[in-house]
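Side-chain atoms are counted along with the backbone in the values below, which use heavy atoms only and exclude waters and symmetry mates. Everything numeric in this text was worked out from a predicted model, so none of it was measured. Throughout, a chain's letter reflects where its sequence line sits, starting with A, and its residues are numbered from 1.
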Amino acid sequence: MTVRTRFAPSPTGYLHIGGARTALYCWLEARRRGGTFVLRIEDTDRERSTQEAVQAILDGMSWLGLVHDEGPFYQTLRMDRYREVAEQLLAEGKAYYAYESKDEIETMRSEAMAAGVKPRYNGYYRERNEPKRDDPNRVIRFKNPSTGSVVFEDKVKGRIEWSNEELDDLVIFRSDGFPTYNFAVVVDDIDMGITEVIRGDDHVNNTPRQINIYKALGAAVPEFAHLPMILGPDGQKLSKRHGAVSVMQYRDDGFLPHALLNYLVRLGWSHGDQEIFSVEEMKTLFDIADVNKAASRFDIAKLSWLNQHYLKHDDPLEIAPEFEWHLRQAGIDPDIGPAPVDVIVALRDRVQTLKEMAERARIWYAPIAEWDPKAIEKHLKTDTAAAVLNLAKTKLAALADWNPAAVHGVVEQVAAELELGMGKVAAPLRVAMTGTQVSPSIEHTIYLAGREGALGRIDEALVRAQG
RNA sequence: GCUCCCUUCGUCUAGUGGCCUAGGACACCGCCCUCUCAAGGCGGGAACACGAGUUCGAGUCUCGUAGGGAGCACCA
């Protein structure tokens, strides 16, 4: 039997980090085993589901490259099917109508809590066989086995056993005529031929009752793998308080999709001491059975390190389109300055995100906005600054080819002819090019300004050197 | 309250009874390199939650304790 996994988000918000990892693991497991990855939208909660959220999830997945093979399927389009299956259960005596009001159920619940036992439905209508009648409170309940236990081998948690006495007769159809989650998932997973149910471990508690429904329906029970949670840096549940929660926020913050994928795949899973995984490697090495049981914390520092790793090692040409996107986000027009690829090469050892890179690239796409007085004082108003700037200007103007290596040659010549150390030469030029004391290597900084730009900035600096 | 789950450096993790005086990575600290800032190289501090037991031997197995989490809905 070929493997089929599914990612089944409910469209009540953006794709968050936890969901993205679940989707990644589902996708990876399907890829490694030559299976199929299905996307299903669980939108039976009409109150909270929105079309925008569906789009946000789709956008997030596509930015990460997690493409589904089938779907998206929408639960709201499958209502007839759920009804049909419920009717079948009713006909077979495996489900029944019940008529308690929500208040009555609530009372049952609080009484049970007060008595120190687990709250559960008392089964009043279970064996009554009352004929179906119209009632605003009419729901359909599943007749859960009352004895024995449910045992399953969770691929990450291991063997889990659950006594049926802990389970009650859950509602599978609400009084408003909609199926409940626990029922709809089972019907869907059966119909869609899902063989591996990979989801967050907040669902372990639902699994035993779902397994009972599978059995009542005479369907094969799939394999289950429950993923531990991803916590915030403080060990608390991930929330808006921790900054970026939406996957797309990470794009805005300047992360590469591959870096996020690499970070996520290692969060709860490992392959020996390996830290860096190409997507191809993930596809062959990832195994859901190797996932850890314990929750893990989200660490932005490590993600940043990975991001810089890819910034440094990926082909700049591949990064360029994403970088240009960030330049535009920062209000910079990539067409009126140096080639973005050249900027990437100059800055990738110095920043951790594309957002930072775009910010620092600004000096080559627009005039210097602000001159640091300290920089002028320290490096322009010196005995040698003017001589350095003048000589550099002459030599740069005469340069045959404008490239970093040639510019570097000029800087070295200036140092030699004036008998100065590199520090004395680079510093005033750096201030001239950037207005600050910090920049990439001096040859790149000059090169990226372009010949005209560089000469113009030296003139400006000369004025300030005198003033 | 009840049921289930989890527990190795600050963080992510390796570890499946002897190879562990517990390894790697991020972060941190120091040194080197150096035109600034980085990057890079080298080095350092830093963990088996606790207690019993099984065993010749336990981070690894069992039980208990503590701490954390999830669920107990006509929400997914």
Side-chain angles (χ1 to χ4, degrees), chain A residues 8-12 42-45 47-49 75 98 100-102 105-106 109 112-121 137-141 154 157-158 160-163 165-168 170-182 184-185 200-208 226 228-229 231 233 235-237 263 266-276 292-306 308 312 347-352 360 375 379 408 411 415 421-431 434 436-443 445:
Chain A
S10 58
T12 54
E42 310 217 322
D43 55 353
T44 50
D45 183 350
E47 302 280 299
R48 302 192 299 151
S49 302
Q75 289 190 320
E100 285 87 357
S101 69
K102 290 179 188 176
I105 297 298
E106 188 47 46
R109 183 187 146 79
M113 292 280 262
V117 295
K118 192 168 177 168
R120 41 193 311 256
Y121 175 61
N137 287 326
R138 194 223 296 155
V139 298
I140 301 175
R141 283 186 183 270
D154 191 279
K157 301 280 182 185
I160 293 177
E161 179 166 2
W162 214 284
S163 168
E165 288 171 24
E166 293 295 327
L167 274 21
D168 64 356
L170 74 158
V171 170
I172 57 174
F173 252 84
R174 303 187 231 149
S175 53
D176 65 2
F178 283 93
T180 58
Y181 164 76
N182 277 305
V185 240
D201 69 2
D202 45 334
H203 287 294
V204 265
N205 303 279
N206 289 324
T207 306
H226 288 98
M229 293 191 71
L231 273 17
Q236 296 299 112
K237 215 165 173 175
Y263 179 70
R266 279 286 285 101
L267 198 57
W269 173 83
S270 64
H271 180 70
D273 287 337
Q274 189 170 344
E275 297 286 349
I276 304 298
N292 289 155
K293 299 174 175 193
S296 41
R297 300 186 189 201
F298 191 86
D299 180 15
I300 195 77
K302 189 145 189 184
L303 204 213
S304 299
W305 172 76
L306 277 166
Q308 187 180 43
K312 287 189 296 187
L347 284 173
R348 60 180 175 177
D349 284 341
R350 296 171 165 76
V351 299
Q352 294 195 303
R360 293 190 53 176
H379 300 299
H408 182 73
V411 177
M422 277 298 270
K424 284 284 181 201
V425 177
L429 284 168
R430 169 167 294 113
V431 177
T434 67
T436 73
Q437 301 186 60
V438 177
S439 85
S441 66
I442 193 62
E443 67 264 28
T445 305

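- Distance noted for atom P between B:U3 and B:A47: 37 Å (whole Å).
- The nearest pair of heavy atoms linking A:R350 to A:S441 is NH2-N, 3.5 Å.
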With sugar-phosphate taken as primed atoms, P, OP1 and OP2 and all else as base, the protein-contact string of nucleotides 21-38 of chain B at under 4.0 Å (heavy atoms; B, S, -) is --BBBS--------BBBB

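- B:C20 sits 9 Å from B:G15 when the C1' atoms are compared, rounded to a whole Å.
- When rounded to the nearest whole Å, the span between CZ of A:R141 and C1' of B:A73 equals 10 Å.
- Between the C1' atoms of B:A76 and B:A39, the separation comes to 47 Å (whole Å).
- For the pair A:S49 and A:D43, the tightest heavy-atom approach, listed with the atom from each and the gap, is OG-CA, 3.5 Å.
- For the residue pair A:H379 and A:Q437, the shortest heavy atom distance occurs at NE2-OE1, 3.2 Å.
- A:G421 comes within 4.0 angstrom of no nucleic acid atom, judged by non-hydrogen atoms across all strands.
- Checked by atom type and distance alone, the side chain of A:E42 never pairs as donor or acceptor with a backbone atom of A:Y181 at under 3.5 Å.
- Atom CZ of A:R48 and atom P of B:A73 are 16 Å apart (whole Å).
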- Query: Given A:S175 and A:R138, is the side-chain hydrogen bond (donor to acceptor under 3.5 Å, both in side chains) satisfied, shown in steps?
  - Reply: CA-CA 5 Å; A:S175 53; A:R138 194 223 296 155; over 6 Å; no

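- Between A:N182 and B:C75 there is no side-chain polar atom (N or O) within less than 4.0 angstrom of OP1 or OP2.
- The gap from the C1' atom of B:U60 to that of B:C74 amounts to 47 Å, rounded to the nearest Å.
- Taking atom P on both nucleotides, B:C29 is separated from B:A38 by 11 Å, rounded to a whole Å.
- Listed candidates were B:C12, B:C74, B:A73. Nearest to the side chain of A:L267 is B:C12.
- Nucleic acid contact class of A:N137 (heavy atoms, under 4.0 Å, all strands): base.
- Here, B:G59 and B:A14 have their C1' atoms 12 Å apart, quoted to the whole Å.
- For B:C9 and B:A22, the C1' atoms lie 10 Å apart once the distance is rounded to whole Å.
- Across all strands shown, A:R109 has heavy atoms under 4.0 Å from sugar-phosphate atoms exclusively, and none from any base.
- In this structure, A:N205 places its CG atom 15 Å from P of B:G69, rounding to the nearest Å.
- When each of A:S296 and A:G235 is assigned the nucleotide of RNA chain B with its nearest heavy atom, A:S296 is the one assigned upstream, toward the 5' end.
- Smallest separation of non-hydrogen atoms from A:V351 and A:Q308: O-NE2, 3.0 Å.
- Nucleotides B:C63 and B:U7 are separated by 14 Å at their P atoms, to the nearest Å.
- Using a 4.0 Å heavy-atom distance criterion, A:E165 is classed as making no nucleic acid contact.
- Closest-nucleotide positions on RNA chain B for A:P233 and A:I160 were compared, and the one nearer the 5' end corresponds to A:I160.
- Annotation for A:Y263 and A:K302: closest pair CE1-CB, 3.9 Å, computed over non-hydrogen atoms.
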